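What follows is a set of notes on a single structure, which appears directly below.
From a predicted model like this one, the values you see are computed outputs, not experimental measurements. Remember, it's 1-based here, ligands and their atoms both numbered in the order they're listed.
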Amino acid sequence: MSDETKKKPLRSRHWYGGKDKDAFIHRSWMKNQGFPDHVFDGRPVIGICNTWSELTPCNHGLRTLAEGVKRGVWEAGGFPVEFPVSSLGETQLRPTAMLFRNLLAMDVEEAIRGNPMDGVVLLGGCDKTTPGQLMGAASVDLPTIVVSSGPMLNGKFKGKDIGSGTDVWKFSEAVRAGDMTLADFMAAESGMSRSAGVCMTMGTASTMASIVEAMGLALPTNAALPAVDARRMALAHLTGKRIVEMVEEDLTLSKVLKRENFENGIVANAAVGGSTNAVVHILAIAGRIGVPLTIEDFELGSDIPLLVNCMPSGKYLMEDFAYAGGVPAVLKQLQDGGQLRKARTVLGKDIAAYADGAEIFNEEVIRPYDNPVKPASGLRVLKGNIAPNGAIIKPSAATDALLDHEGPAHVFESIEDLKATIDDPDLDVTPDTILVLKGCGPKGYPGMAEVGNMPIPGKLVRQGVRDMIRVSDARMSGTAFGTVVLHVSPETQAGGPLGLVQTGDRIRLDAKNGVLQLLISDEELEARRANWSPPEPEYTRGYAKLYVDHVLQADKGADLDFLVGASGSHVKRESH
Ligand code: FES
């Protein structure tokens with residue numbers, strides 16, 4: 001038998017394959033769930049890694065989808081086993097779900113490695129669940145495929161569509177400006193989230209699902225089909241069938257996920273107007289699978305036109321995006337524009353198979369490559385003496401006139417300082433002011449919270465101002481918008497120069513040329529540095545201490561330093 005045709009023995013046989021005491025123990029206890037002998041006959045065992053939780057409302061449909069996956073696994077001759085991992089509800093967890101993304105990744109990694117499975121289906125949706133699961137799975141490297149929650153149906157308020165997050169920020173500013181009643185604000189709350197699924201704007205969840213599809217890690221149409229669309233259940237069923245085949249083909253994650261896939265993800269992120277959060281997640285996944293990728297690589301998307309007219313960069317929602325053709329239609333446009341790299345997918349075929357024959361059914365929602373919503377709108381990487389290791393901005397969600405601007409800084413030393421003073425009528429700010437927020441990076445917050453889209457100062461909101469330049473070491477919600485410079489690295493807490501900015505300093509932003517510069521002399525900067533000392537750490541025990549001690553900076557993906565890379569799937573010792 002040649003090497004190509006020789007089948008690799010299934011990993012699960014190390015648990016279920018023998019006639020000794022250990023195999024007895026592994027099978028016997030599983031039989032308490034009513035599994036007959038023959039399911040242990042050497043068929044592929046498929047783990048269904050589920051982030052379902054009632055505290056992660058965006059993932060509450062995943063139990064149903066898991067049943068769809070199981071149907072497909074049984075049909076293809078596999079043995080499905082569903083298992084829970086920790087779940088991260090973006091809207092519920094304090095101080096921020098991002099603090100726990102790496103904890104989820106550890107949980108997923110160890111759960112996959114330690115248990116008898118030959119392939120794994122990742123069921124995620126809400127922002128951090130998709131990247132956390134992929135990071136963990138990459139460090140084990142079994143055949144792996146993703147099924148996403150899918151977006152909620154469009155939000156509705158007073159007969160109009162409203163979008164998760166994006167309209168919360170808008171309505172909140174309207175209330176502060178006196179343009180919306182509190183009663184209307186409260187009424188909008190119930191109409192915004194009216195079905196299972198993730199935020200139906202192109203927030204981080206749908207961004208990550210779109211990227212995952214463009215990287216060939218999920219079946220076509222996975223990203224946009226609404227959570228409650230029956231076709232998503234069918235997609236889960238087909239995914240269950242496909243993972244069994246992937247095990248038979250020994251199509252592991254590292255055989256799919258190469259640099260070209262990451263490049264397609266970066267380009268697709270630009271075309272869909274995706275979240276800035278994709279940067280830290282893609283970098284972290286690349287670090288696990290061993291693909292060299294840097295923050296500078298995100299410039300690959302900077303000339304890509306914005307093709308998807310969804311909030312927060314545009315006006316439609318994910319339900320509209322699905323009916324207009326979804327990610328396959330975008331991939332077809334990128335292919336026509338010469339921007340789609342050849343890259344293997346979970347189908348075992350090139351990504352071109354996803355684009356084949358994909359049509360746009362509504363050109364208001366998905367634009368042709370040569371008639372985009374906006375030209376050259378991908379994320380921009382900024383460098384300068386405030387951000388020597390980089391910062392990012394999302395021009396598609398910014399005010400064009402502010403993308404080339406110089407102004408005086410107003411500094412908030414902490415999030416508490418901001419909250420206490422932002423509505424002070426005497427705050428010394430004008431629309432030209434650049435708001436600077438310190439102490440919200442990975443170590444500082446901790447967890448790099450989504451507070452970078454600072455509210456506009458109350459006195460300016462009342463004057464009708466809706467956007468200003470804001471600079472911080474924080475992230476922002478994928479549903480947010482504005483001329484917001486994020487992920488400044490190194491962060492304040494790590495001794496980054498952002499911590500040396502003072503109110504009144506002038507700052508220059510030139511997004512087109514990738515410049516973010518504090519206009520003071522090197523000598524002055526050095527003098528301030530000599531007087532700077534790091535704040536006392538707030539967390540002295542538990543996971544938060546482990547995180548603060550080991551988290552990498554944003555330009556490296558904010559993974560924990562000892563988690564970068566992979567350990568494979570082998571476990572040397574038995575449990576008894
Ligand atoms: Fe879960 Fe937006 S809060 S997807």
Side-chain angles (χ1 to χ4, degrees), residues 50-63 65 85-101 104 122-134 146-155 161-172 188-213 218 222-229 232 269 272-278 280-281 310-313 317-319 321-322 394 397 447-453 474-481:
N50 202 340
T51 51
W52 173 90
S53 165
E54 286 183 340
L55 285 167
T56 307
C58 313
N59 292 9
H60 92 249
L62 291 180
R63 267 186 166 171
L65 286 182
V85 286
S86 39
S87 191
L88 313 175
E90 194 66 31
T91 53
Q92 313 297 314
L93 261 178
R94 291 180 177 171
T96 168
M98 180 65 177
L99 176 62
F100 306 106
R101 182 200 65 177
L104 167 62
L122 304 176
L123 295 188
C126 196
D127 298 15
K128 307 303 176 291
T129 55
T130 302
Q133 285 181 300
L134 271 170
V146 174
V147 176
S148 302
S149 293
M152 290 186 262
L153 297 175
N154 289 359
D161 283 351
I162 56 171
S164 311
T166 306
D167 277 310
V168 181
W169 319 128
K170 282 188 184 154
F171 292 165
S172 161
E189 181 182 302
S190 302
M192 185 165 279
S193 312
R194 59 191 190 89
S195 81
V198 299
C199 292
M200 84 304 278
T201 43
M202 188 58 79
T204 304
S206 287
T207 295
M208 290 310 297
S210 299
I211 289 174
V212 158
E213 189 175 331
N222 171 65
L225 277 176
V228 294
D229 192 312
R232 179 163 293 281
N269 187 44
V272 302
S275 164
T276 48
N277 286 324
V280 286
H281 299 327
C310 274
M311 293 184 198
S313 298
L317 294 167
M318 288 301 291
E319 199 183 333
F321 179 44
K394 180 176 175 180
M448 205 185 171
E450 293 185 337
V451 294
N453 55 318
R475 297 177 301 116
M476 79 171 174
S477 164
T479 63
F481 52 90

Worksheet item: Considering residues at least two apart in sequence or located in another chain, which fulfil the salt bridge (charged side-chain N to carboxylate O under 4.0 Å, His left out) criterion with Lys128?
Response: Glu90, Glu450
Discussion item. Looking at Glu213 and Ala223, would you say the former's side chain and the latter's main chain have a donor-acceptor pair under 3.5 Å?
Written reply: yes
Practice prompt. Show all protein N/O/S atoms under 2.8 Å from atom 1 (Fe) of ligand 1, or state that there are none.
Written response: Cys58 SG, Cys126 SG
Side-chain donor-acceptor pairs of residues 197-208 under 3.5 Å, sequence neighbours excluded:
| from | atom 1 | to | atom 2 | distance (Å) |
| --- | --- | --- | --- | --- |
| Thr201 | OG1 | Ser164 | O | 3.0 |
| Thr204 | OG1 | Ser275 | OG | 2.9 |
| Thr204 | OG1 | Asn277 | ND2 | 2.8 |
| Thr204 | OG1 | Gly478 | N | 3.4 |
| Thr207 | OG1 | Gly203 | O | 2.6 |
| Thr207 | OG1 | Ser275 | N | 2.9 |

Worksheet item: Among all residues two or more places apart in sequence or in another chain, which pass the salt bridge (charged side-chain N to carboxylate O under 4.0 Å, His left out) test with Asp229?
Response: Arg231
Response to the item:
Closest non-hydrogen contact found for Gly191 with Ile162 is C-CD1, 4.3 Å
Practice prompt. Answer yes if the side chains of Thr56 and Ser87 hold a donor-acceptor pair under 3.5 Å, and no otherwise.
Written response: yes
